[in-house]
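Right, one structure below, let's go through it.
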Amino acid sequence: MNSFSVQKIVNSVIWKLNILVNQLSNSGPRPLASVFQLLNSKLKLSTFFLIPLALSLSPYSFAQISLSNGEHNLEISGSISSFYNQRFYYNQNPENRIDDNLANPINKDKDRFGLRDMQLQLEGRIGHDFEYEFQVDFADLANQSDLGENPGIMDANFTYKGLKFVNATLGYQKIPYSRNSLVPFTFSPYWQRAEVARGEIFSRRDVGIMLSESFWDQKINVYGGMFTGMGEQILSANGGDNDPSGEFEYVGRVDIAFPARYRYRDYDINSSPIPMFQLGAAARTVKRKYSSFLPGDDYYLRVISGQKDCFTADFSAQWKGFSTQVEWHLINVKPTNEIDPSGLRYRESRGTANTKIGANPTGFFRAGGILATVSYASKPLKSIFSIRYDQLNPNDLVQKNTEESLTFACAYQIRGFNSMIKAQYSYRLIDRKNPLIQRFDDQLRVGWQMLLR
Amino acid sequence: MYKLLIVLLFASYCADAQKLKHTWSKKLSIKEASDICLNQTKDGFFIVSDDGILFETNLEGIVIRKSPFRGFDFEGVFADASGIYVMDERTRNVHSFNPADLSLKRSVEVNYNGGRNKGFESLTWNESKKCFIAFTEKEPTWVFELDQNFQVLNKQKVKGMSDISAATFLNGKLFLVSDEDHAIFRYNPETYELEQKFKLNIINPEGLCFGPDGSLYVVSDDMGILYRFDSITLFN
């Protein structure tokens, strides 16, 4: 399909969407109606935005580059993604105002263009026994942001396969815990992972060693890892060292698929001719002496002083373009309330010694949630449509502390995942009432992703 | 308008290609089988694996012997009276094997700087053009025409499918199998233009060939199964 055909299809879809949005603009409760009104105004602009971009596309401009001397094979790839973000604010919330003052205007600093990814990836294989991977996101490094959902360094590790009975991966790597976390973000029509799985309540990467092996024609995967337990912070300017306890985090995961190997991909873009399923479970445990709140951390749960045990279970299925994923998380925390005498780290102020349920003190609190996604990938339409529900409660000792969101996403695949325009709208179903924790408003994000692979 | 959307959403269910149904299948003991071809005596197959091993089997897929040589990622195999030829995707080498003991005779590199895992996926003989042909997997799909010494004679882009996993030639026609499309495509071997598409009900088809009686054989990498399709019509 040439770029001119792409332009015609895009214009046709936008024209039909304009009709739909006009019909919906006058119906539905706020803020959905305002969302559709916004979409209506934006879509006219998007026509002019997409046409020149579609015309400028060269269908053959996307490919990894590989170099080989027969023994050592190196592959170079990368990605760039950028978006426009629009938030919707509740006027009565002081947190949405400048200086948290209701008398001040709404702080619209989140209405912006953003550079999400500017990644370079090097993957190599040496002989039969060694593989390595190095991946960096320059957008996050430029922001001096190596914490949170998108740390600057994403992968820096090597794998030894010479043991035959198990593979060993050493270095900075993804922690084999949440299935959603293991799916590369670029293979998604969403611009953000679900709140419960995006790395705010558990770390997604760390330095350590992981052992892994597959059985039964790769239908069963087993992982076991030992990490520092500091997560992404291990590479930050404030970290680099382990917690003063000197202890480590231990992680284990197992998943089983049927009737064939099930790759860590959530969208059935190849329209599987027969139903496929995967079931997984994982657990991790770590004990820290002092917590360290990460700047910008929304829930202060990623690294926490005390004992932290996490459990997750997941289910995935796909068939004829349809796919679904369900993932459940439970975190059990026993904070220590110890004060760091150096004053460099923070006391866990949510210590349950001072928090009671009714008249009874409790020695622990729990966090957790669930995410569920239903999607359809259409090859004729070159599109992915998806709906995601996610729920998170970061502390069950606090009343009215659960947040629930419904997120809609659609993506148009100009060249598969290599060049994809994607849009996501997050609608807050239930909001947390805890004023101490940062709110998350309804949000629309539209942008373009290009993978150089 | 919503009716139009519903019709469009289910467009993938429209029957626009003939569907092939297998009549026999057998679980292989070969891990990650990636291509298959008929052996010279037409009483068995050569099958290669992603582990870089060449196997010879009988017509039911039972391993008779395997090569002592281990490559890296074998993705294409072809055999004729003059030898056995295997394409290693990772190193871009065409290996020639001795039919007597499956030992390695020589290796020739066919240079290609595309993605490590998007390199050559097949190797077969184009009877119409009297040359070897090797297809790259995707992004883009190239067909390389090679002489008897595997030197590049011509290179051409091929369109009409999402990717290519294997290729074979029969009765003046070229047949390609696509892993992502779950389909077999019939191409004109002179122009490499698509003629017809046949849907497969198989996960991850990675190799195909025709048996001594004209039956179609397809290997599934993920399932580790050899499928046979009898009494099908791929020429019309």
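Numbers restart at 1 for each chain; the letters A, B, ... are given by sequence-line order, proteins then strands.
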Going from [atom1] on [X] to [atom2] on [Y], what distance comes out if it is rounded to the nearest 0.5 angstrom?
{"X": "A/Asp217", "Y": "B/Ile225", "atom1": "CG", "atom2": "CD1", "answer": "9.0 Å"}
{"X": "A/Ser68", "Y": "B/Phe72", "atom1": "OG", "atom2": "CZ", "answer": "8.5 Å"}
{"X": "A/Asn418", "Y": "B/Glu139", "atom1": "CG", "atom2": "CD", "answer": "4.0 Å"}
{"X": "A/Asn270", "Y": "B/Glu180", "atom1": "CG", "atom2": "CD", "answer": "4.5 Å"}

Checklist entry - If you measure only the distance, is there a donor-acceptor pair under 3.5 Å linking the side chains of B/Arg92 and A/Ser66? => result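 Judged by distance alone, the side chains do pair up.
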Next on the checklist: Using a 4.5 angstrom heavy-atom cutoff, name the option from B/Leu200, B/Asp179, B/Asn113 with the most pairs to chain A.
Outcome noted: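 Going by pairs under 4.5 Å, I would pick B/Asn113.
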Checklist entry - When only pairs under 4.5 Å are counted, which of B/Asn204, B/Thr91, B/Ile203 shares the most heavy-atom pairs with chain A? => result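 Winner by heavy-atom pair count: B/Ile203.
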Item to check | Most chain B-contacting option - heavy-atom pairs closer than 4.5 Å, from A/Glu75, A/Arg261, A/His128 | outcome: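 Ranked by contacts with chain B, first place is A/His128.
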Next on the checklist: Below 4.5 Å, heavy-atom pairs only: which of A/Ser77, A/Ser383, A/Gly70 has the largest tally toward chain B?
Outcome noted: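 When all of A/Ser77, A/Ser383, A/Gly70 are compared, A/Gly70 has the most.
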Checklist entry - If you count the non-hydrogen atoms of other residues, nucleotides and ligands that lie under 6.0 Å from NZ in A/Lys174, is the total more than 12? => result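 Counting other residues, nucleotides and ligands, NZ of A/Lys174 exceeds 12 neighbours.
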Checklist entry - Quick check: are there more than 12 heavy atoms from other residues, nucleotides or ligands sitting under 6.0 Å from NZ of B/Lys27? => result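 Check passes, neighbour count above 12.
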Next on the checklist: Using heavy-atom distances under 4.5 Å, tell me whether B/Asn201 contacts chain A through its side chain, its backbone, both, or neither.
Outcome noted: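 Looking at B/Asn201, backbone and side chain both touch chain A.
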Next on the checklist: Using heavy-atom distances under 4.5 Å, tell me whether B/Ser178 contacts chain A through its side chain, its backbone, both, or neither.
Outcome noted: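 Neither; nothing under 4.5 Å.
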Checklist entry - So does A/Lys379 pair up with B/Asp181, basic N to acidic O under 4.0 Å? => result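 Yes, A/Lys379 and B/Asp181 are salt-bridged.
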Checklist entry - Charged N to carboxylate O under 4.0 angstrom, A/Arg125 versus B/Asp73? => result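 B/Asp73 and A/Arg125: not salt-bridged.
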Checklist entry - Partners of B/Glu145 by salt bridge (charged side-chain N to carboxylate O under 4.0 Å, His left out), sequence neighbours excluded? => result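 By the salt bridge (charged side-chain N to carboxylate O under 4.0 Å, His left out) rule, B/Glu145 matches B/Lys129.
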Next on the checklist: Quick check: closest heavy atoms across A/Ala260 and B/Met223, and the distance to 0.1 Å?
Outcome noted: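 Closest heavy-atom pair between A/Ala260 and B/Met223: CB-SD, 3.4 Å.
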Can you give me every donor-acceptor pair (side chain of residues 157-166 of chain A, partner residue at least two apart or in another chain, under 3.5 Å) with its distance?
residue: A/Asn157; atom: ND2; partner: A/Asp155; partner atom: OD1; Å: 3.4
residue: A/Asn157; atom: ND2; partner: A/Tyr172; partner atom: O; Å: 3.0
residue: A/Thr159; atom: OG1; partner: A/Thr169; partner atom: OG1; Å: 2.9
residue: A/Lys161; atom: NZ; partner: A/Glu131; partner atom: OE2; Å: 2.6

